[in-house]
Asker: 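Supplied in structure tokens, the structure appears directly below.
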Amino acid sequence: MDVASPLWENVPAATWRDRWRVPDVILLARTASTNDVARRLADAGAPAGTVVIADEQTAGRGRFGREWIAPPGCSLLLSIVLRPGQADLAVRLPSTASIRVGLAAARAIEAGAGVKTALKWPNDLIIPGRGKVAGILCEGSTAPDGDPWVVAGIGINIGQTADDFPEELRAVATSIRRLTGRVPSRAAIAGPLLDALRPYRLRDLRPLQPDELQDYVRRDALRGQHLRAEGESGIADGIAADGALRLLTRQGIRFVRSGSVRPATDSTDSRLPLLQPAGTPPKPEPENCP
Ligand code: BT5
């Protein structure tokens with residue numbers, strides 16, 4: 001059951017709404033998942049830009065039903081309703097949405113905490129060698145009135161110490177606190193995040209633009225790594241304008257559009273570095289492949 005909260009970071013919802021220039025802010029002390037709340041609101045016609053924030057989630061989700069684990073009050077747990085205005089694309093939910101929200105979250109973490117994060121396709125924010133600091137879950141559907149929506153859920157680890165993570169996550173997850181020794185307020189990151197997402201509230205799910213692709217190149221954690229995904233094995237070579245991961249394989253370039261990537265390890269794969277893009281040195285294997 002949802003438990004409403006009058007304040008977040010000691011400030012009421014109406015003040016956040018005005019400060020962030022969004023149509024509505026729903027503050028919850030506890031809920032199953034902020035994405036579930038935002039999905040219900042989107043279906044009921046909530047305007048683009050409606051924000052849901054929780055201190056605690058009892059069933060926080062990642063992709064494919066995986067768990068998102070965050071102790072109460074330690075993380076930014078936020079979902080926002082976007083209205084892309086294209087029914088067919090919204091339902092297919094191309095990875096452009098995840099990439100854009102990932103870029104926005106990366107810029108916000110830099111602005112609010114001074115930490116530069118890399119993006120691990122399709123939806124993780126990581127610090128290479130240190131672990132995953134944030135995750136994105138974009139879900140889309142069409143409301144009963146035919147209006148398509150996308151809910152972007154963002155979880156950012158802020159105040160966790162190593163002991164706050166369950167044993168199985170300790171080596172692969174990190175937080176702003178573990179990285180910097182400081183604990184910025186969640187609002188210091190939420191403000192820049194909502195600013196960065198402003199252009200996408202109503203925009204269609206068009207291909208990634210040159211400036212977005214450039215920003216991605218600067219943050220690409222996988223480039224040059226030898227990966228396996230969707231039954232293909234190859235060297236990661238950035239992303240395409242539709243958000244697909246480009247893999248250089250023996251058979252040429254393959255585009256990976258769904259699923260997860262993991263390091264390729266078998267002996268057949270090990271001959272593949274021949275296809276490495278010129279001038280790109282191999283990087284160590286990803287830290288946080290599930
Ligand atoms: C994600 O999925 O990374 C998307 C996470 C989105 C969470 C936000 S919080 C607000 C909104 N409401 C929700 O219910 N969800 C969104 P995925 O790539 O599937 O990664 C999930 C995996 O990350 C898990 O299987 C764990 O291995 C790992 N994990 C779980 N909690 C983590 C944490 N706090 N920090 C780092 N890694 C974590």
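Remember, it's 1-based here, ligands and their atoms both numbered in the order they're listed.
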Asker: If a pair satisfies salt bridge (Lys or Arg N to Asp or Glu O under 4.0 Å) and one of its residues is in residues 168-180, list it, with sequence neighbours excluded.
Answerer: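 Only E167-R170 qualify under salt bridge (Lys or Arg N to Asp or Glu O under 4.0 Å).
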Asker: Got a sec, which hydrophobics cluster with V52, joining ILVMFWY side chains under 4.5 Å apart, including via others?
Answerer: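 Direct or chained contacts put V52 with I26, L28, V37, L41.
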Asker: Any side-chain donor paired with an acceptor under 3.5 Å for Q160 and N157?
Answerer: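 Distance-only check passes for Q160 and N157.
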Asker: Answer side chain, backbone, both or neither: which part of D36 comes under 4.0 Å from ligand 1, heavy atoms only.
Answerer: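 It is neither part, as no heavy atom is under 4.0 Å.
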Asker: What are the two closest non-hydrogen atoms of P122 and I99, and how far apart are they?
Answerer: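 Shortest heavy-atom separation between P122 and I99 comes out as O-CD1, 4.2 Å.
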Asker: Looking only at N/O atoms, are S79 and ligand 1 under 3.5 Å apart anywhere?
Answerer: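 Min N/O separation from ligand 1 is not below 3.5 Å for S79.
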Asker: Just jot down the ligand 1 atoms closer than 4.0 angstrom to any heavy atom of R61, in number order.
Answerer: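 Under 4.0 Å from R61, ligand 1 has these atoms: 5 (C), 6 (C), 7 (C), 13 (C), 14 (O), 15 (N), 16 (C).
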Asker: Under 4.0 Å from a heavy atom of G60: which atoms of ligand 1 are those, numbered in the order shown and with their elements?
Answerer: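 Close to G60: 14 (O).
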Asker: What I want to check is whether the side chains of D164 and T161 have a donor and an acceptor closer together than 3.5 Å.
Answerer: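 Yes, because at least one side-chain N or O of D164 sits under 3.5 Å from a partner of the opposite role on T161.
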Asker: Tell me, with the steps shown, if R40 and D43 meet salt bridge (charged side-chain N to carboxylate O under 4.0 Å, His left out).
Answerer: CA-CA 5 Å; R40 286 198 293 274; D43 253 344; over 6 Å; no
Asker: Taking only heavy atoms of L169 into account, list the atoms of ligand 1 that are under 4.0 Å away from them.
Answerer: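 Within the 4.0 Å cut-off of L169, ligand 1 contributes 26 (C), 27 (O), 28 (C), 29 (N), 30 (C), 31 (N), 32 (C), 38 (C).
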Asker: Applying a 4.0 Å heavy-atom criterion (strictly less than), which segment of R66 is in contact with ligand 1: side chain, backbone, both, or neither?
Answerer: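 Side chain only.
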Asker: Do NZ/NE/NH1/NH2 and the carboxylate oxygens of E110 and R219 come within less than 4.0 Å?
Answerer: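 Salt bridge: yes.
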Asker: Side chain, backbone, both or neither: which applies to N157 and ligand 1 if a contact is any heavy-atom pair less than 4.0 Å apart?
Answerer: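 For N157, the contact with ligand 1 is made by the side chain alone.
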Asker: Identify the heavy atoms of R100 and R206 that sit nearest to each other, and give their distance.
Answerer: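 Closest approach of R100 to R206: NH1-O, 2.9 Å.
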Asker: Give the numbers and elements of all ligand 1 atoms closer than 4.0 Å to a heavy atom of D124.
Answerer: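 Near D124, meaning under 4.0 Å from one of its heavy atoms, ligand 1 has 3 (O), 18 (O).
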Asker: In terms of atom number and element, which parts of ligand 1 are under 4.0 angstrom from non-hydrogen atoms of L77?
Answerer: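 Reading through ligand 1 atom by atom, the close ones are 9 (S).
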Asker: Any nitrogen or oxygen of G153 lying under 3.5 Å from a nitrogen or oxygen in ligand 1? Just yes or no.
Answerer: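 N/O-N/O distance below 3.5 Å does not exist for this pair.
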Asker: For ligand 1, indicate whether the residue E67 contacts it via side chain, backbone, both or neither (heavy-atom separation under 4.0 Å).
Answerer: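 The answer is the backbone.
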Asker: Checking salt bridge (charged side-chain N to carboxylate O under 4.0 Å, His left out) for the pair D147/R83: CA distance, chi angles, key distance, verdict?
Answerer: CA-CA 8 Å; D147 210 8; R83 296 211 172 261; 3.6 Å; yes
Asker: Taking only non-hydrogen atoms of A70, do any sit less than 4.0 angstrom from ligand 1?
Answerer: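 Not so, A70 does not reach ligand 1.
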Asker: Hey, which atoms in ligand 1 end up nearer than 4.0 Å to a heavy atom of T34?
Answerer: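 So the answer, numbered in order with elements, is 10 (C), 11 (C), 12 (N).
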Asker: At under 4.0 Å between heavy atoms, which part of I136 makes contact with ligand 1: side chain, backbone, both or neither?
Answerer: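 Just the backbone.
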Asker: Do we see a donor-acceptor contact under 3.5 Å between the side chains of T31 and Q57?
Answerer: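 There is no such pair between these side chains.
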Asker: Does an N or O anywhere in Q160 fall below 3.5 Å from an N or O of ligand 1?
Answerer: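 The answer is no, given that Q160 and ligand 1 share no N or O pair closer than 3.5 Å.
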